[in-house]
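In what follows, a single structure is set out as structure tokens and then discussed.
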Amino acid sequence: MQDYIYLVIIQTGTRPARFFKLITRKPYNHVSLAANINLTEMYSFCRTYRRLPFPATFNKEIVGQGTLGLFGSIPCEIYSIPVTNHQKLIFNEIINHFSVNRKLYSYNVLGLLAVLLHIEWNRKKNFLCSQFVAYTMEKMGLPLEKPFCLYTPDDFRRFPGAKLVYHGELNSFYYERQDKQLLRNP
């Protein structure tokens with residue numbers, strides 16, 4: 001049976017997200033990795049507290065909570081990427097590593113400028129959301145087209161092998177999936 005990981009590319013309404021959208025002129029400025037299509041296991045580098053941009057580090061994101069709970073409408077695209085059982089095992093190991101060691105990592109604020117200027121700068125304990133996703137994919141053995149530290153959320157919209165499975169509003173997708181899951185497993 002084929003397994004998958006999922007890219008969840010979104011645009012929230014936070015001030016930093018609106019600012020990045022203005023600068024990048026891209027429709028989405030955040031990316032997360034999800035272990036399943038129901039988005040119950042979704043991870044990224046992002047703010048830790050709902051209303052404060054810092055501190056920011058590795059976090060499990062939950063639709064309707066935290067920053068994702070601030071907005072009733074969150075534009076998104078969700079892509080599936082086929083992976084082997086071994087690659088999914090590596091994915092789970094990486095997520096576990098970051099979960100256990102999350103206090104060792106922080107958001108790569110300085111890396112924002114480096115990415116915008118297309119400067120390759122690897123910071124071992126600091127990641128942007130897109131750098132974390134690209135790093136994880138590289139460790140899983142999925143081929144990258146450039147160094148992981150240069151990836152932006154928009155780059156994942158054209159990731160080789162990724163298939164668009166949803167384009168629309170994140171909350172609607174998530175809650176519809178939850179309702180279907182409840183109907184199947186009462």
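Positions are given from 1, in the same order as the sequence printed here.
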message: Return the CD1 to CG distance between I23 and L112, rounded to the nearest 0.5 Å.
response: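 Atom-to-atom, I23:CD1 and L112:CG are 9.5 Å apart.
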- prompt: For the atom pair CG (L128) and OG1 (T152), what is the distance rounded to the nearest 0.5 Å?
  reply: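 The OG1 atom of T152 is 10.0 Å from CG of L128, to the nearest 0.5 Å.
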Minimal non-hydrogen separation, [X] against [Y], with atom names:
| X | Y | result |
| --- | --- | --- |
| K60 | T40 | CE-O, 3.2 Å |
| Q131 | C149 | NE2-O, 2.9 Å |
| I95 | F132 | CD1-CZ, 3.9 Å |
| A35 | K88 | O-NZ, 2.9 Å |
| N29 | A17 | ND2-O, 4.0 Å |
| P27 | D154 | CD-OD1, 4.0 Å |

So for atom [atom1], which belongs to [X], do other residues, nucleotides or ligands contribute more than 12 heavy atoms lying within a distance under 6.0 Å?
| X | atom1 | result |
| --- | --- | --- |
| K139 | NZ | no |
| Y175 | OH | yes |
| R158 | CZ | yes |
| K146 | NZ | yes |
| K125 | NZ | yes |
| H97 | NE2 | yes |

Can you check whether [X] and [Y] have ring centres sitting under 6.0 Å from each other?
| X | Y | answer |
| --- | --- | --- |
| F45 | Y107 | no |
| Y135 | F127 | yes |
| Y6 | Y79 | no |

Is [Y] reachable from [X] through a run of hydrophobic residues whose side-chain heavy atoms are each under 4.5 Å from the next?
| X | Y | result |
| --- | --- | --- |
| I10 | F19 | no |
| V83 | F148 | yes |
| V165 | F91 | no |
| I78 | Y28 | no |
| L150 | I9 | no |

- line: The side-chain contact (heavy atoms from CB on, under 4.5 Å) partner of M42 among I62, L33, V63 is V63
task: Scan L144, V133, V115 and name whichever one has a side-chain contact (heavy atoms from CB on, under 4.5 Å) with Y151.
output: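 That would be L144.
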Side chain [X], main chain [Y], donor-acceptor under 3.5 Å:
| X | Y | result |
| --- | --- | --- |
| R18 | G13 | yes |
| S44 | V31 | yes |
| S106 | N126 | no |
| N101 | L104 | no |

N92 vs N96, side chain to side chain contact (heavy atoms under 4.5 Å, CB included): CA-CA, chis, key distance, verdict: CA-CA 6 Å; N92 290 329; N96 184 58; over 6 Å; no
query: Without hydrogens or angle criteria, can the side chains of R47 and N59 be said to hold a donor-acceptor pair below 3.5 Å?
result: no
query: Is there a side chain to side chain contact (heavy atoms under 4.5 Å, CB included) between L7 and M137 once you walk through the steps?
result: CA-CA 11 Å; L7 295 166; M137 294 171 91; 4.2 Å; yes
